[in-house]
Amino acid sequence: MGVGDVTFRRLQLRDAGEVLTVQRSAFVDEARVYGTVDIPPLGETREDLEREIATTVTMGAFAGHRLVGSARLTVDGPIGWISRVAVAPDQQGRGIGGALLERLEAAAPAVVTAFALCAGAESTANIAMYARRGYREFERRKDAAGIELVCMRKARG
C-alpha cells in the first residue's frame with residue numbers, strides 16, 4: 001500500500017481536534033521508547049494546537065475523510081522548522097510521513113532556504129526516514145524532558 005489513495009491539504013482551525021487525536025496516538029509509541037509521557041507532542045492542548053495551526057503551515061494527510069497524518073512548518077527567517085510529523089499508527093509504513101515532508105517543503109514561502117527538524121535519538125526509524133530524504137545531522141541537544149534530540153537539516157532543493 002502506498003500513498004496513492006491519500007490526499008493532502010493545509011489544515012484549518014476546525015481540524016484541531018482530529019490533529020490532536022492523530023498526534024497523541026502517533027506519539028504514544030515514542031513515549032514508550034523514552035519511558036515518559038512528558039514529551040511535548042503529548043502535552044499540547046487543543047488551544048495550543050489552534051494557535052499553531054493559525055501561525056504555521058500545518059499540513060494534513062487524509063484517507064477519505066479521515067485525517068491520518070499531520071506535520072507543521074514554522075518559518076524562522078531562512079529556516080523552515082518541521083515538527084510534529086505524526087501518522088496514525090495503523091497507517092504508518094505507507095510513506096505518509098515522507099509525503100507530508102514533501103508537501104511542507106513545497107508549501108514553504110520563498111524566504112526559506114533550508115529545512116530543519118529534530119527527532120529523539122532513539123527514534124531510529126524516523127531518523128533513517130529523514131536521512132533518506134536528504135536531512136543530515138547538525139547537532140544534538142536535550143529537550144525539556146531530558147530526551148536527547150538529533151537535529152537534522154537540508155538545503156532547499
Side-chain angles (χ1 to χ4, degrees), residues 1-11 19-44 49 52-53 55-63 67-157:
M1 273 174 97
V3 296
D5 62 334
V6 176
T7 59
F8 299 85
R9 72 166 167 81
R10 190 162 175 176
L11 296 174
V19 173
L20 203 55
T21 299
V22 169
Q23 182 174 298
R24 287 181 177 164
S25 67
F27 279 94
V28 164
D29 285 339
E30 292 290 299
R32 285 187 189 117
V33 168
Y34 297 103
T36 180
V37 295
D38 292 329
I39 62 174
L42 294 180
E44 281 187 328
L49 198 50
E52 287 290 309
I53 290 171
T55 60
T56 68
V57 176
T58 304
M59 195 66 63
F62 291 84
L67 181 73
V68 295
S70 65
R72 295 182 215 158
L73 175 81
T74 302
V75 177
D76 183 12
I79 305 297
W81 281 93
I82 294 173
S83 62
R84 304 298 194 267
V85 179
V87 177
D90 69 320
Q91 299 294 307
Q92 291 174 6
R94 295 182 54 199
I96 295 170
L100 280 163
L101 288 177
E102 290 172 11
R103 297 321 192 278
L104 282 178
E105 292 168 5
V111 67
V112 172
T113 60
F115 299 97
L117 51 79
C118 296
E122 301 299 318
S123 303
T124 54
N126 294 342
I127 292 168
M129 187 262 292
Y130 300 139
R132 284 192 306 274
R133 283 159 180 78
Y135 287 83
R136 299 292 173 252
E137 182 178 338
F138 71 92
E139 77 174 3
R140 289 183 180 238
R141 62 180 180 217
K142 294 203 177 202
D143 70 6
I147 295 168
E148 183 180 17
L149 300 176
V150 175
C151 297
M152 305 173 81
R153 69 175 160 219
K154 77 173 191 177
R156 189 170 199 165

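Values below: every heavy atom of this structure, side chains too, minus hydrogens, waters and symmetry copies. One-based numbering along the sequence shown. Only a predicted model underlies this, so the values are computations on that prediction, with no experimental measurement involved.
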I'd like to check [X] versus [Y] (side-chain heavy atoms, cut-off strictly below 4.5 Å). Are they in contact?
| X | Y | value |
| --- | --- | --- |
| Arg94 | Val68 | no |
| Met152 | Arg136 | no |
| Phe27 | Ile39 | yes |
| Ser70 | Leu11 | yes |
| Val112 | Val75 | yes |
| Val22 | Val87 | no |

Atom [atom1] in [X], atom [atom2] in [Y]: separation rounded to 0.5 Å?
| X | Y | atom1 | atom2 | value |
| --- | --- | --- | --- | --- |
| Leu104 | Ser83 | CG | OG | 9.0 Å |
| Met59 | Leu101 | CE | CG | 11.0 Å |
| Thr58 | Leu73 | OG1 | CG | 8.5 Å |
| Leu67 | Arg9 | CG | CZ | 8.0 Å |
| Phe62 | Thr7 | CZ | OG1 | 7.0 Å |
| Tyr34 | Ile147 | OH | CD1 | 6.5 Å |

Nearest atoms (heavy-atom pairs only) where [X] meets [Y]:
| X | Y | value |
| --- | --- | --- |
| Asp38 | Thr36 | N-OG1, 2.9 Å |
| Asp143 | Leu149 | CB-CD1, 3.8 Å |
| Ala119 | Tyr130 | CB-CE1, 3.9 Å |
| Phe8 | Ala61 | CE2-CB, 3.5 Å |
| Cys118 | Arg141 | SG-NH2, 3.4 Å |
| Leu100 | Ala71 | CB-CB, 4.2 Å |

*Could you check Glu105, Arg133, Arg153 and say which one makes a side chain to side chain contact (heavy atoms under 4.5 Å, CB included) with Phe115?*
Glu105
Inspect the contact between [Y] and [X] and indicate whether a charged nitrogen and a carboxylate oxygen are less than 4.0 angstrom apart.
| X | Y | result |
| --- | --- | --- |
| Arg32 | Glu30 | no |
| Glu52 | Arg72 | yes |
| Arg140 | Glu148 | yes |
| Glu44 | Arg84 | yes |

*Take Tyr135 and Ile82 through the side-chain contact (heavy atoms from CB on, under 4.5 Å) test and state the conclusion after the steps.*
CA-CA 11 Å; Tyr135 287 83; Ile82 294 173; 3.3 Å; yes
*Walk me through it: do Val85 and Leu117 pass the test side-chain contact (heavy atoms from CB on, under 4.5 Å)?*
CA-CA 10 Å; Val85 179; Leu117 51 79; 5.7 Å; no
